[in-house]
Amino acid sequence: MLDRKYDLNDGSTLPEIGLGTVNIRGAKGVNSIVTAIEENGYRLIDTSTNYNNEGVVGEAIRRADVPREQLIISSKLPGSAHDYDKAITMIQESLYRIGIDYFDKYLIHWPLPKQDKYVEAWQALIDAQKFGLIKTIGVSNFLAEHLERLIEEAGVTPATNQIERHPYFNNKELVETNRKHGILTEAWSPFGRKINDVLENPVIKEIADKYAKSPAQVIIRWNVQNGVLVIPKSDSKAHQWENLDVYGFELTEEDLEAIDALDKGEPGRVEDQHPNEYEEYV
């Protein structure tokens with residue numbers, strides 16, 4: 001499983017499945033991340049300044065018996081730091097919080113087009129990469145028009161775009177836009193969080209029963225077969241392992257189409273966070 005990787009447009013690679021850490025905090029959070037790294041083999045750990053757990057991730061890295069160079073640590077720039085100087089300072093501050101010298105991957109968390117500073121923020125990430133603070137730079141929740149403006153004005157294409165994607169909001173058009181630009185799609189909240197019942201959906205449960213797998217495994221497999229990096233969050237050892245155990249079966253075209261057909265469009269978003277409207281400043 002660990003050798004299954006995606007090639008990025010900057011020459012680096014990422015595993016097909018990473019560990020999401022939203023709401024994983026405190027001593028329990030440290031222990032769960034250490035378990036994910038040491039016992040379940042996760043190497044990509046995804047955090048964010050806005051998750052308020054960069055310290056937890058850093059402590060887990062120090063405790064885990066895995067060399068730093070084998071880990072891929074990813075974080076995100078908050079909306080309060082889209083000004084160039086603030087962005088550079090925030091990247092440095094996040095590195096100090098985690099206790100590492102560089103980020104393997106770093107993203108702009110939201111475009112905030114009403115603020116209209118995401119190109120400036122992107123230039124800061126480009127320069128931070130040149131300074132050696134970041135290896136791979138990307139974005140999160142960017143729509144086609146945001147991506148095209150970045151590429152045109154800055155001349156640097158993001159390596160990844162982390163977007164909302166689950167069966168009730170499959171975001172296929174944006175996945176295809178990313179692919180057109182050579183950008184790897186990352187899926188956040190692949191199970192729709194606890195706001196919807198996607199894991200209880202009868203179509204997905206029927207497919208899961210057919211392969212003797214869980215609904216979660218079917219959803220992860222659906223993403224992998226679509227060339228999407230999946231970042232499921234779990235603080236349970238058993239679920240962490242289950243989320244990686246998706247390579248012993250393959251969904252048919254009929255299965256993939258059935259899952260795609262569950263899409264609800266805009267009403268399917270978990271928290272109505274449209275990238276052109278959502279304002280994230282903390």
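Throughout, numbering of the chain's residues begins at 1 and tracks the sequence. When reading the values below, keep in mind they use all heavy atoms of this one structure, side chains included, and skip hydrogens, waters and symmetry mates.
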**Student:** For side-chain contact (heavy atoms from CB on, under 4.5 Å), just list the numbers for Ile231 and Leu19, CA-CA rounded to whole Å, side-chain angles, deciding distance to a tenth of an Å, and then say yes or no.
**Tutor:** CA-CA 5 Å; Ile231 309 176; Leu19 179 73; 5.9 Å; no
**Student:** Is it true that, when you exclude Gln70 itself, more than 12 heavy atoms of the residues, nucleotides or ligands shown sit nearer than 6.0 Å to its CD?
**Tutor:**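 Above 12, so yes.
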**Student:** What pairs with Tyr51 under ring pair (Phe, Tyr, Trp, His ring centres under 6.0 Å), at least two apart in sequence or on another chain?
**Tutor:**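 Tyr51 satisfies ring pair (Phe, Tyr, Trp, His ring centres under 6.0 Å) with no residue once adjacent residues are dropped.
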**Student:** Could you check whether atom CD of Glu69 has more than 12 heavy atoms from other residues, nucleotides or ligands sitting under 6.0 Å from it?
**Tutor:**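 Counting neighbours around CD of Glu69, more than 12 heavy atoms of other residues, nucleotides or ligands fall under 6.0 Å, so yes.
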**Student:** If you define the side chain from C-beta out and look only at heavy atoms, does anything of Tyr118 sit under 4.5 Å from Glu120?
**Tutor:**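 Result no, sub-4.5 Å side-chain heavy-atom pair not found.
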**Student:** Can you tell me if Glu253 has over 12 outside heavy atoms packed within less than 6.0 Å of its CD?
**Tutor:**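 No, CD of Glu253 has 12 or fewer neighbouring heavy atoms, counting only those of other groups under 6.0 Å.
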**Student:** So if you build clusters from Ile, Leu, Val, Met, Phe, Trp, Tyr with side-chain heavy-atom gaps below 4.5 Å, do Val66 and Ile17 land together?
**Tutor:**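 Per the 4.5 Å side-chain linkage, Val66 and Ile17 are co-clustered.
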**Student:** With side chains defined as the heavy atoms from C-beta onward, is the minimum distance between Pro167 and Asn201 less than 4.5 Å?
**Tutor:**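 They are not in side-chain contact.
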**Student:** Side chains of Leu8 and Leu14: closer than 4.5 Å at any heavy-atom pair?
**Tutor:**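 Heavy-atom side-chain distance check passes, below 4.5 Å.
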**Student:** Between Asp104 and Arg43, is there a side-chain N and carboxylate O pair less than 4.0 Å apart?
**Tutor:**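 So Asp104 does not pair with Arg43 through a salt bridge.
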**Student:** In this structure, which one of Arg221, Glu16, Gln217 forms a side-chain hydrogen bond (donor to acceptor under 3.5 Å, both in side chains) with Tyr247?
**Tutor:**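 Looking at Arg221, Glu16, Gln217, the match for Tyr247 under the side-chain hydrogen bond (donor to acceptor under 3.5 Å, both in side chains) is Glu16.
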**Student:** Could you tell me if the ring centre of His166 sits under 6.0 Å from that of Phe191?
**Tutor:**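 Aromatic pair excluded; centres sit 6.0 Å or further apart.
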**Student:** Has Gln240 got a side-chain atom pairing as donor or acceptor with Ser32's backbone, closer than 3.5 angstrom?
**Tutor:**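 A pair under 3.5 Å: yes.
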**Student:** Can you tell me how the ring of Phe142 sits relative to the ring of His146, calling it parallel under 30°, perpendicular over 60° and tilted otherwise?
**Tutor:**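 The rings of Phe142 and His146 stand perpendicular, inter-plane angle above 60°.
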**Student:** When you measure from the centre of the six-membered ring of Trp122, is the NZ or CZ of Arg149 closer than 6.0 Å and no more than 45° off the axis?
**Tutor:**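 Relative to the ring axis of Trp122, which defines the angle, Arg149 lies outside at least one limit.
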**Student:** Quick one: do Val156 and Leu150 end up in the same hydrophobic cluster if we chain Ile, Leu, Val, Met, Phe, Trp and Tyr together by side-chain heavy atoms under 4.5 Å apart?
**Tutor:**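 Yes; Leu150 is reachable from Val156 via cluster members.
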**Student:** Would a distance-only check, ignoring hydrogens and angles, find a side-chain to backbone donor-acceptor pair under 3.5 Å from Asn53 to Thr21?
**Tutor:**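 Yes; at least one donor-acceptor contact below 3.5 Å.
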**Student:** Distance-only, no hydrogens or angles: does the Glu59 side chain make a donor-acceptor pair with backbone N or O of Val30 under 3.5 Å?
**Tutor:**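 Checked: no pair found.
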**Student:** Can a donor-acceptor pair be found, under 3.5 Å and without considering hydrogens, that links the side chain of Asp263 to the backbone of Gly265?
**Tutor:**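 Checked: pair present.
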**Student:** Would you call the rings of Trp110 and Trp188 parallel, tilted or perpendicular, where under 30° means parallel and over 60° means perpendicular?
**Tutor:**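 Taking Trp188 first and then Trp110, their aromatic rings stand perpendicular (interplane angle over 60°).
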**Student:** Just do the side-chain hydrogen bond (donor to acceptor under 3.5 Å, both in side chains) check on Glu145 and Asn276 with the steps written out, would you?
**Tutor:** CA-CA 10 Å; Glu145 59 265 33; Asn276 274 333; 3.1 Å; yes
**Student:** If Ile, Leu, Val, Met, Phe, Trp and Tyr residues are connected whenever their side-chain heavy atoms lie under 4.5 Å apart, and connections chain through other members, are Tyr102 and Ile98 in the same group?
**Tutor:**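 No.
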**Student:** Determine, step by step, whether Leu251 and Ile207 satisfy the side-chain contact (heavy atoms from CB on, under 4.5 Å) criterion, reporting the C-alpha distance in whole Å, the side-chain angles of both residues, the deciding distance to 0.1 Å, and the verdict.
**Tutor:** CA-CA 9 Å; Leu251 301 174; Ile207 295 172; 3.8 Å; yes
**Student:** Would you find a donor on one side and an acceptor on the other, under 3.5 Å apart, between the side chain of Thr35 and the backbone of Asn31?
**Tutor:**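 Yes, Thr35 side chain to Asn31 backbone: donor-acceptor pair under 3.5 Å.
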**Student:** So does His239 have more than 12 non-hydrogen atoms from other groups sitting under 6.0 Å from NE2?
**Tutor:**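 Open: at most 12 neighbouring heavy atoms sit under 6.0 Å from NE2 of His239.
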**Student:** Would Gln162 and Asp46 count as a side-chain contact (heavy atoms from CB on, under 4.5 Å) here? Give the steps.
**Tutor:** CA-CA 11 Å; Gln162 188 177 121; Asp46 181 84; 3.2 Å; yes
**Student:** Could you check Glu176 against Lys172 for salt bridge (Lys or Arg N to Asp or Glu O under 4.0 Å), going step by step and ending with a plain yes or no?
**Tutor:** CA-CA 6 Å; Glu176 288 305 314; Lys172 284 187 71 173; over 6 Å; no
**Student:** Exactly one of Leu147, Val139, Thr177 should register a side chain to side chain contact (heavy atoms under 4.5 Å, CB included) with Ile183. Which one does?
**Tutor:**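 For Ile183, the side chain to side chain contact (heavy atoms under 4.5 Å, CB included) check succeeds only for Leu147.
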**Student:** Between the side chains of Ser94 and Ser75, does any donor sit under 3.5 Å from an acceptor?
**Tutor:**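 Side-chain D/A pair, Ser94 to Ser75: absent.
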**Student:** Taking atom types as modelled, find out whether Asp260 and Trp222 have a side-chain donor-acceptor pair closer than 3.5 angstrom.
**Tutor:**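 Their side chains do contain a donor-acceptor pair, which is all the 3.5 Å distance test asks for.
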**Student:** Is atom CG of Asp101 surrounded by more than 12 heavy atoms (other residues, nucleotides or ligands) closer than 6.0 Å?
**Tutor:**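 Result for CG/Asp101: open.
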**Student:** Quick one: pull up CG in Leu112 and NE2 in His82 and give me the separation to the nearest 0.5 Å.
**Tutor:**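 Taking CG in Leu112 and NE2 in His82, the distance rounds to 4.5 Å.
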**Student:** Are Leu262 and Leu199 linked, directly or through intermediate hydrophobic residues, by side-chain heavy-atom contacts shorter than 4.5 Å (ILVMFWY only)?
**Tutor:**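 Same hydrophobic cluster.
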**Student:** If only side-chain N and O atoms count, and only distance matters, is there a donor-acceptor pair under 3.5 Å linking Thr13 with Asp7?
**Tutor:**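 No donor-acceptor contact under 3.5 Å links the two side chains.
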**Student:** Taking 4.0 angstrom as the limit, do Lys105 and Glu186 come out as a salt bridge?
**Tutor:**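 Yes, Lys105 and Glu186 are salt-bridged.
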**Student:** For Tyr278 and Asp272, does a side-chain donor sit closer than 3.5 Å to a side-chain acceptor?
**Tutor:**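 Distance-only check fails for Tyr278 and Asp272.
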**Student:** Determine yes or no for a side-chain-to-main-chain donor-acceptor pair under 3.5 angstrom, with Thr252 supplying the side chain and Asp255 the backbone.
**Tutor:**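 It does hold such a pair.
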**Student:** Taking atom OH of Tyr96 as the centre, does the number of heavy atoms from other residues, nucleotides or ligands within less than 6.0 Å exceed 12?
**Tutor:**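 Counting neighbours around OH of Tyr96, 12 or fewer heavy atoms of other residues, nucleotides or ligands fall under 6.0 Å, so no.
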**Student:** Go through the steps to decide whether Glu54 and Thr47 satisfy the test side-chain hydrogen bond (donor to acceptor under 3.5 Å, both in side chains), and finish with yes or no.
**Tutor:** CA-CA 7 Å; Glu54 289 175 316; Thr47 184; 5.4 Å; no
**Student:** Test of understanding: clusters of I, L, V, M, F, W, Y form through side-chain heavy atoms closer than 4.5 Å, transitively. Do Ile100 and Val56 belong to the same one?
**Tutor:**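 Linked, Ile100 and Val56 end up in one cluster.
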**Student:** Checking Lys135 against Gln129 for the side-chain contact (heavy atoms from CB on, under 4.5 Å) test, could you report, in this order, the C-alpha distance in whole Å, the side-chain angles of both residues, the deciding distance, and whether it holds?
**Tutor:** CA-CA 6 Å; Lys135 289 190 173 181; Gln129 185 181 46; 6.0 Å; no
**Student:** Do Ser48 and His109 have side chains that approach each other closer than 4.5 Å (heavy atoms only, starting at C-beta)?
**Tutor:**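 Ser48 reaches His109 side chain to side chain.
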**Student:** Does any N or O in the side chain of Tyr211 come within less than 3.5 Å of the main-chain N or O of Val218, such that one atom is a donor and the other an acceptor?
**Tutor:**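 Judged by distance alone, no pair lies under 3.5 Å.
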**Student:** Salt bridge (charged side-chain N to carboxylate O under 4.0 Å, His left out): which pairs involve residues 230-244, sequence neighbours left out?
**Tutor:**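 Every pair satisfying salt bridge (charged side-chain N to carboxylate O under 4.0 Å, His left out) with a residue in residues 230-244: Glu39-Lys237.
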**Student:** Ignoring hydrogens and geometry beyond distance, is a side-chain donor-acceptor pair present between Asn223 and Arg165 at under 3.5 Å?
**Tutor:**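 Checked: Asn223/Arg165 side chains pair up, N/O donor to acceptor below 3.5 Å.
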